[in-house]
S.K.: 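Have a look at this one.
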Amino acid sequence: MAETIKSLQPIETRLFINGEFRNSSSGKTFDVIYPYTKDVVAQVQEADVKDVNDAVDAAEAAFPAWRDLGVDKRGDYLRKLSDAVRESIPDLGKLESLSIGRPVSMYHDGKMAADQFRFFADHAWTTQGTASTNTPGIFKMTLKEPYGVAGLIIPWNFPMANLAGKMAPALAAGNTVVLKSSEKAPLTSLYFAKLVEKVGFPPGVVNIISGYGQPAGSTLAEHMKVRAISFTGSSLTGQRIHAASAKSNLKHVHTELGGKSPAIIFDDANLESAAQHTMFGIQFNSGQVCIANSRIYVQDNVKENFMHHFQAAMASVKMGDPLDPNTQHGPQIDHLQYKRVKEFIEIAEKEGKITLGGNPDEGYFIKPTIIEDLSEDSRVMKEEIFGPVVAVQTFKTEEEVIQKANATEFGLFASVFTTDLDRAIRLSRAIQAGTVAVNATGITGSAGDGAFGGYKMSGSGREGLLYSLENYLQTKTIVIKSA
Ligand code: NAD
């Protein structure tokens with residue numbers, strides 16, 4: 001670890017406001033801790049209310065010139081940023097391991113981020129409206145315009161992917177931004193701020209602050225000068241973001257929230273493949289994934305066969321030091337998450353049967369864990385656990401499993417494993433989720449050109465290469481009457 005930290009020096013820990021790095025106005029800092037060893041990696045400046053206000057003021061001042069620069073020249077900046085991010089992927093991967101315990105072997109966010117900046121560098125040309133001459137003597141047109149200052153608030157589990165998924169379209173559309181990273185994973189956002197400086201962005205166009213939900217996040221969410229906010233995080237905080245908008249200036253709100261995703265396995269499915277996919281879907285990033293398939297429903301006549309493959313797949317995962325390239329499974333991010341997952345395992349011990357894993361290890365590690373025989377009403381079946389813990393339940397009929405899959409307030413993602421095309425289509429339509437994957441779980445390695453987002457309490461709005469620009473544009477109509 002010491003060698004890795006040395007190779008990354010100097011680790012940036014300051015706030016990036018108006019094109020300059022600076023310490024927090026309160027002088028407060030918070031620690032970033034490597035979850036594998038519990039050593040302090042860095043002490044990061046914590047943004048206070050004044051820092052958030054300064055960042056918003058800088059973004060507001062920079063907005064007119066950035067908006068008026070035009071798509072082409074804004075694209076030049078984004079293209080350079082994409083190249084700079086791509087060159088930095090190894091450093092970004094190590095910094096993320098040190099912050100959240102993600103194995104370096106499982107780091108994909110850097111490439112995803114570089115791809116987002118590259119795509120939106122070229123894509124903002126599609127920002128166009130309509131024209132109408134339907135009424136004699138009237139020429140009418142609609143324009144798409146940026147909001148102004150966009151607030152971007154991201155979680156800790158995929159920091160660079162979330163940063164880029166919001167910032168690239170927001171900037172391409174002509175907004176200026178204030179991004180608040182998660183207090184648990186601020187280091188890659190600050191590294192990225194150094195790239196923004198290196199590329200030579202005009203001061204104030206990109207501002208990056210580190211800090212907690214209170215006061216930094218809430219100040220941004222309630223800010224009267226922030227006209228749009230894009231938030232990814234838990235459903236509880238998402239409700240607070242909507243409330244903050246409602247009680248301040250009704251800023252445009254886009255939220256990507258939590259999940260409790262079902263994976264449904266029918267008796268005609270390729271069970272070995274289904275086991276591999278669902279293992280990865282719950283184990284990747286130690287289960288700290290919004291679309292993790294935390295509920296598996298397998299048809300009762302093939303349960304034994306499926307479990308044979310699934311247990312073997314889950315048991316084969318190699319846990320260890322996230323910086324070791326052979327490690328597949330790191331610790332939970334911190335004591336809080338570890339404790340939370342442990343509590344759910346304790347409930348499962350009482351209410352169901354643990355058939356693999358359980359028994360949390362020391363050092364924030366949770367082994368891939370399988371629970372069976374739970375009541376559908378158990379908290380384990382209803383709440384987002386955010387750990388490598390999966391409940392496997394059985395069903396007999398299609399109607400029954402649709403009802404069970406939909407019996408949740410979440411609606412982010414679902415998987416259906418079957419070789420019957422008609423059934424795949426029926427289920428895809430019947431399940432209340434923003435995305436339904438057939439014969440796959442979420443982590444399929446496909447490009448982000450679909451729409452991603454939640455039904456029900458999993459969020460409002462959509463992200464994706466073809467969708468995200470809309471989150472940062474408002475529509476104006478101009479009516480011209482002939483004189
Ligand atoms: P979180 O809601 O605790 O925090 C997310 C961000 O919000 C952090 O930056 C935090 O500091 C900030 N925040 C907290 N309180 C705030 C407030 N009152 N006002 C403004 N900002 C505030 O979530 P987390 O623990 O960082 O992330 C895990 C959650 O994110 C899970 O529920 C997961 O499912 C969800 N998530 C969803 C997606 C998606 O695309 N749907 C992707 C990744 C993670």
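This one's a predicted model, so the numbers in the text were calculated from it and none came from an experiment. We use all heavy atoms of the structure for the numbers below, so side chains are in, but hydrogens, waters and symmetry mates are not. Atoms within a ligand are numbered from 1 in the order they appear, just like the ligands themselves.
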S.K.: Got a second to check how far Glu256's CD is from Leu412's CG, nearest 0.5 Å?
M.R.: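 Atom-to-atom, Glu256:CD and Leu412:CG are 7.5 Å apart.
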
S.K.: How far is atom 13 (N) of ligand 1 from its nearest protein heavy atom, and which residue and atom is that?
M.R.: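 Result: Gly213 CA, 3.4 Å.
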
S.K.: N/O to N/O below 3.5 Å, does that happen between Arg240 and ligand 1?
M.R.: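 N/O-N/O distance under 3.5 Å: no.
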
S.K.: With heavy atoms of Asn157 as the reference, note each atom of ligand 1 found under 4.0 Å away.
M.R.: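 The list of qualifying atoms is 43 (C), 44 (C).
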
S.K.: Out of Ala221, Pro215, Gly233, whose heavy atom sits nearest atom 35 (C) of ligand 1?
M.R.: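 Among Ala221, Pro215, Gly233, the closest heavy atom to atom 35 (C) of ligand 1 comes from Gly233.
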
S.K.: How would you list, by chain and number, every residue that makes a side chain to side chain donor-acceptor pair (under 3.5 Å) with Ser218, sequence neighbours excluded?
M.R.: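 Testing Ser218 for side chain to side chain donor-acceptor pair (under 3.5 Å), a comparison that skips the adjacent residues, returns Gln214.
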
S.K.: Does an N or O from Glu384, backbone or side chain, lie closer than 3.5 Å to an N or O of ligand 1?
M.R.: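 Indeed, backbone or side chain, Glu384 has an N or O that close.
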
S.K.: Within the supplied structure, the quantity of interest is the number of heavy atoms (other residues, nucleotides, ligands) at a distance under 6.0 Å from Lys198 NZ; does it exceed 12?
M.R.: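 12 or below, so no.
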
S.K.: What residues form a salt bridge (charged side-chain N to carboxylate O under 4.0 Å, His left out) with Arg102, not counting sequence neighbours?
M.R.: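 Partners of Arg102 under the salt bridge (charged side-chain N to carboxylate O under 4.0 Å, His left out) test: Asp109.
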
S.K.: Is it the case that Lys251 and Ser245 place a side-chain donor and acceptor less than 3.5 Å from each other?
M.R.: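 Short answer, no.
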
S.K.: Would Phe310 and Val390 count as a side chain to side chain contact (heavy atoms under 4.5 Å, CB included) here? Give the steps.
M.R.: CA-CA 11 Å; Phe310 187 61; Val390 61; 3.8 Å; yes

S.K.: For ligand 1, which atoms sit closer than 4.0 Å to a heavy atom of Ser181?
M.R.: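 Near Ser181, the atoms of ligand 1 are 9 (O).
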
S.K.: Give the residue and atom name of whichever protein heavy atom lies nearest to atom 7 (O) of ligand 1, and the separation in Å to one decimal.
M.R.: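 Sorting protein heavy atoms by distance from atom 7 (O) of ligand 1 puts Phe231 CE1, 3.2 Å first.
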
S.K.: If you have a sec, work out which protein heavy atom is nearest atom 36 (N) of ligand 1 and how many Å separate them, to one decimal?
M.R.: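 Going atom by atom, the protein heavy atom closest to atom 36 (N) of ligand 1 ends up being Cys290 CB, 3.6 Å.
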
S.K.: For the residue pair Phe201 and Tyr77, categorise the inter-ring angle as parallel (less than 30°), tilted (30 to 60°) or perpendicular (more than 60°).
M.R.: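 Ring orientation of Phe201 relative to Tyr77: tilted.
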
S.K.: In terms of residue, atom name and distance, what is the protein heavy atom nearest to atom 23 (O) of ligand 1?
M.R.: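 Minimum-distance protein heavy atom for atom 23 (O) of ligand 1 reads Ser234 N, 3.4 Å.
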
S.K.: Could an N or O of ligand 1 be found under 3.5 Å from any N or O of Leu412, whether backbone or side chain?
M.R.: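 In fact, backbone or side chain, Leu412 has no N or O that close.
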
S.K.: Just let me know how Gln288 lines up against ligand 1, side chain, backbone, both or neither, with a heavy-atom cut-off below 4.0 Å.
M.R.: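 Neither part.
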
S.K.: Tell me, which protein residue and heavy-atom name are nearest atom 41 (N) of ligand 1, and how many Å apart are they?
M.R.: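 That would be Leu257 O, 2.7 Å.
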
S.K.: For atom 15 (N) of ligand 1, what is the nearest protein heavy atom, given as residue, atom name and distance?
M.R.: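 I find the closest protein heavy atom is Thr237 CG2, 3.4 Å.
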
S.K.: Geometry only, no angles: is Asn162 polar-contacting ligand 1 at N/O separations under 3.5 Å?
M.R.: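 There is no such contact.
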
S.K.: For atom 40 (O) of ligand 1, which protein heavy atom lies nearest, and how many Å away is it?
M.R.: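 Here the nearest protein heavy atom works out to Phe452 CE2, 3.2 Å.
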
S.K.: What protein heavy atom sits nearest atom 12 (C) of ligand 1, and how far away is it?
M.R.: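 I find the closest protein heavy atom is Ile153 CG2, 3.8 Å.
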
S.K.: Does only the side chain of Phe386 get under 4.0 Å from ligand 1, or the backbone, or both, or neither? Count heavy atoms.
M.R.: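 It is the side chain that gets close, since no backbone atom is under 4.0 Å.
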
S.K.: Heavy-atom contacts with Ile154 under 4.0 Å: which atoms of ligand 1 show up? List them by number with element.
M.R.: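 Atoms satisfying the 4.0 Å criterion: 6 (C), 8 (C), 9 (O).
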
S.K.: If you measure every N or O of Trp156 against every N or O of ligand 1, does any of those distances drop under 3.5 Å?
M.R.: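 Checking ligand 1 against Trp156, an N or O pair does fall under 3.5 Å apart.
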
S.K.: Would you tell me whether Asp334 and Tyr364 have side-chain atoms, one donor and one acceptor, within less than 3.5 Å of each other?
M.R.: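 Absent: no donor and acceptor within the cut-off.
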
S.K.: Can His252 and Asn471 be counted as having a side-chain donor-acceptor contact under 3.5 angstrom?
M.R.: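 Asn471 and His252 do not have a side-chain donor-acceptor pair below 3.5 Å.
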
S.K.: Do the side-chain N and O atoms of Tyr34 and Ser97 include a donor-acceptor pair separated by under 3.5 angstrom?
M.R.: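 There is no such pair (donor and acceptor under 3.5 Å, judged by atom type) between the side chains of Tyr34 and Ser97.
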
S.K.: Kindly say whether the aromatic ring centers of Tyr212 and Trp156 come within a distance under 6.0 Å.
M.R.: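 Aromatic pair excluded; centres sit 6.0 Å or further apart.
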
S.K.: Looking only at side-chain N and O atoms, does Thr441 offer a donor or acceptor that is under 3.5 Å from a partner on Ser415?
M.R.: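 There is no such pair (donor and acceptor under 3.5 Å, judged by atom type) between the side chains of Ser415 and Thr441.
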
S.K.: Between Ile241 and ligand 1, which residue portion shows a heavy-atom distance shorter than 4.0 Å: side chain, backbone, both, or neither?
M.R.: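 For Ile241, the contact with ligand 1 is made by the side chain alone.
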
